[in-house]
Engineer: 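What follows is a single structure, and I will ask about it in a moment.
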2 protein chains.
Amino acid sequence: MIEEQKINIDPLDAQTQVFKILTHPARIAILNILRDGEHCVCHMEAYLGLRQSYISQQLAVLREAGLIQDRRDGWNIFYRVVNPDIYTVLDAVQKLTGQAVGPSNPVASCNCPHCMAKQSSG
Amino acid sequence: MIEEQKINIDPLDAQTQVFKILTHPARIAILNILRDGEHCVCHMEAYLGLRQSYISQQLAVLREAGLIQDRRDGWNIFYRVVNPDIYTVLDAVQKLTGQAVGPSNPVASCNCPHCMAKQSSG
DNA sequence: TAATCATATTCATGGATTTGAATATGATTG
DNA sequence: CAATCATATTCAAATCCATGAATATGATTA
């Protein structure tokens with residue numbers, strides 16, 4: 001009776017995989033940063049106030065899970081979300097918990113082309 | 001620069017808490033069983049083919065997280081989902097992964113009043 | 001090709017999670 | 001109150017995960 005597994009739990013693994021990725025404040029914070037398009041690693045560093053290597057670790061997790069993609073532009077590497085459906089998940093949990101997380105440090109910027117452009121024009 | 005934590009990661013904890021609960025095939029399977037209303041533990045046992053004490057362990061996790069509630073009716077204890085918003089989260093991930101999980105063993109039944117009623121009437 | 005820049009990887013350790021096995025609880029019936 | 005039923009809890013071992021520290025990579029510039 002115990003050996004006879006009635007339900008095939010395996011199809012759920014793809015789902016638990018995603019949840020596992022999201023079980024991490026820094027990774028959720030990174031995804032939230034990427035809501036408005038691609039950003040470089042140094043930007044996240046300035047924004048989150050976390051060590052570079054630590055952010056890279058979390059980016060690697062997100063990347064290997066297929067949730068984000070990177071693109072090199074000169075010195076910087078820009079990350080973007082692959083499938084915006086991930087935000088449906090995040091939004092659903094925000095609604096469930098009533099814990100919306102606004103932009104934490106909108107003025108933070110780095111020396112990447114994106115931020116430099118914003119600084120000179122704004 | 002490293003000591004100065006720019007973002008307050010704490011608000012994200014409520015969200016990661018929920019994700020942590022969902023990082024578990026059996027717990028997701030249980031929640032899916034409860035989609036159509038309350039069910040007793042023996043029903044889940046028959047449905048999932050997992051040991052009773054194991055299911056109780058997972059029910060305890062879900063219960064302590066405030067996601068489900070129990071109600072005793074005679075010998076049986078019936079569980080139900082507290083806030084159906086949890087299914088918005090599950091549905092979002094199902095869409096993201098393309099992994100829909102249908103009813104695995106719809107004929108499974110136990111001796112609880114609910115299942116007995118279905119058997120005699122159907 | 002050496003220096004520099006942004007970013008990535010590796011590794012070790014402490015801490016958390018999973019899960020099987022055994023046992024406990026508490027309502028119900030006789 | 002003893003037996004029985006459905007369900008819950010405890011505990012320990014194995015495994016998994018988070019994170020700091022150190023170091024590596026690989027494009028770019030001089």
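So that the names make sense, note that chain A is the first sequence line, chain B the second, and so on, each numbered from 1.
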Engineer: Would you list the protein and nucleotides 25-30 of chain D atom pairs, both N or O, that sit under 3.5 Å from each other?
Structural biologist:
residue : atom : partner : partner atom : Å
D/dT28  : O4'  : A/W75   : NE1          : 3.4

Engineer: Measure from the side-chain N and O atoms of A/T16 to the backbone N and O of A/D13, and report whether any donor-acceptor pair falls under 3.5 Å.
Structural biologist: yes
Engineer: Using a 3.5 Å distance criterion without hydrogens, assess whether the side chain of A/R80 forms a donor-acceptor pair with backbone atoms of A/V82.
Structural biologist: no
Engineer: Taking only side-chain nitrogens and oxygens of B/N76, does any of them come within less than 4.0 Å of OP1 or OP2 of D/dC5?
Structural biologist: no
Engineer: Measuring from atom CD of A/Q58 to atom CD1 of A/I21, what distance do you get when rounded to the nearest 0.5 angstrom?
Structural biologist: 9.5 Å
Engineer: Pull out every protein N or O sitting under 3.5 Å from an N or O of nucleotides 8-12 of chain D, one pair per line with the distance.
Structural biologist:
residue : atom : partner : partner atom : Å
D/dA8   : OP1  : B/Y79   : OH           : 2.3
D/dA8   : OP2  : B/S56   : OG           : 2.7
D/dA8   : N7   : B/Q52   : NE2          : 2.8
D/dA8   : N6   : B/Q52   : OE1          : 3.4
D/dT10  : O4   : B/Q57   : NE2          : 2.8

Engineer: Quick one: ring-ring contact (aromatic ring centres under 6.0 Å, His included) partners of A/F78, sequence neighbours excluded?
Structural biologist: A/H114
Engineer: Please give, in whole Å, the distance from D/dA18 P to A/I21 CD1?
Structural biologist: 9 Å
Engineer: With sequence neighbours left out, what residues match A/Y87 under ring-ring contact (aromatic ring centres under 6.0 Å, His included)?
Structural biologist: none
Engineer: Please enumerate all residues that pass ring-ring contact (aromatic ring centres under 6.0 Å, His included) together with A/H24, with sequence neighbours excluded.
Structural biologist: none
Engineer: To the nearest Å, give me how far apart NE2 (A/H24) and C1' (D/dC16) are.
Structural biologist: 13 Å
Engineer: Grab the CG-C1' distance between A/L22 and D/dA18 for me, whole Å please.
Structural biologist: 16 Å
Engineer: Find the distance A/F78:CZ to C/dA6:P and express it as a whole number of Å.
Structural biologist: 12 Å
Engineer: Starting at atom CZ of B/R51, determine the distance to atom P of C/dT19, rounded to an integer number of angstrom.
Structural biologist: 10 Å
Engineer: Just verifying a value: how many Å separate B/Q69 CD and B/N83 CG, rounded to the nearest 0.5 Å?
Structural biologist: 11.0 Å
Engineer: Tell me: NZ of B/K20 to P of D/dA18, nearest whole Å?
Structural biologist: 8 Å
Engineer: What residue pairs, at least two apart or across chains, pass salt bridge (charged side-chain N to carboxylate O under 4.0 Å, His left out) with a residue in residues 89-99 of chain A?
Structural biologist: A/R35-A/D91, A/K95-B/D85
